[in-house]
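Atoms considered below: every heavy atom in the structure, side chains included; atoms not considered: hydrogens, waters and symmetry mates. Throughout, numbering of the chain's residues begins at 1 and tracks the sequence.
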Amino acid sequence: MCSRWTTIGHASVSLNKYSGVTYAHVLGMSYALLEDVDYWVYVEQDALLFGDNIVEYAIEQMRSPVMFGSGKSTPQPMQQSFMIIKKISFQSF
């Protein structure tokens, strides 16, 4: 028997509140909250990040508790391939 709680599925066919990558983000942030870490960092599997200590550098440059990768000069201005969220914003995000 397959219930709506055991099938995460894709957003276009899911019966759940969350599905797909959103489900992964929520679970990841829940785990980060339970582990009492300061930041949740998400790097998509096909994202190319370069530079020494890039995550630490990005955290130092943050001016708000939520940071998305830049899509400047691309068709998609908001990028979700690289995200950093400070612990204070886990639950509201």
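- Heavy-atom minimum distance, Ala32 versus Trp40: CB-CD1, 4.2 Å.
- Residues Ile84 and Met62 have side chains in contact (heavy-atom distance under 4.5 Å, counting atoms from C-beta outward).
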Review point. Is there a side-chain contact (heavy atoms from CB on, under 4.5 Å) between Tyr42 and His25 once you walk through the steps?
Key: CA-CA 8 Å; Tyr42 174 78; His25 292 165; 3.5 Å; yes

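- In this structure, the separation between CE on Met29 and CG on Leu34 is 13.0 Å, given to the nearest 0.5 Å.
- Between Lys87 and Val37, the shortest heavy-atom distance links the atoms CD-O, 3.4 Å.
- Hydrophobic clustering of Ile, Leu, Val, Met, Phe, Trp and Tyr side chains at less than 4.5 Å, counting indirect connections, unites Leu33 with Met83.
- Linking ILVMFWY side-chain heavy atoms closer than 4.5 Å, directly or via other members, places Val66 and Val55 in two distinct hydrophobic clusters.
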Exercise for review: Show your working on side-chain contact (heavy atoms from CB on, under 4.5 Å) between Val43 and Val41 and close with a plain yes or no.
Suggested key: CA-CA 7 Å; Val43 180; Val41 178; 4.2 Å; yes

**Study point:** side-chain contact (heavy atoms from CB on, under 4.5 Å) between Met67 and Lys86, worked out
**Key:** CA-CA 9 Å; Met67 186 218 71; Lys86 195 171 183 174; over 6 Å; no

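- Summarising the local packing, CG of Asp46 is surrounded by more than 12 heavy atoms from other residues, nucleotides or ligands at distances under 6.0 Å.
- No single ILVMFWY cluster, assembled from side-chain heavy atoms under 4.5 Å apart, contains both Phe90 and Tyr31.
- Formation of a donor-acceptor pair under 3.5 Å by the Ser30 side chain with backbone atoms of Val26 is found in this model.
- For CD of Gln61, the number of neighbouring non-hydrogen atoms (other residues, nucleotides, ligands) closer than 6.0 Å is greater than 12.
- Between Asp38 atom CG and Ile88 atom CD1 the span is 11.5 Å, to the nearest 0.5 Å.
- Relative orientation of the Phe68 and Phe93 rings is tilted, given thresholds of 30° and 60° on the angle between their planes.
- Counting heavy atoms from C-beta outward, Ile85 and Tyr39 have side chains that stay 4.5 Å or more apart.
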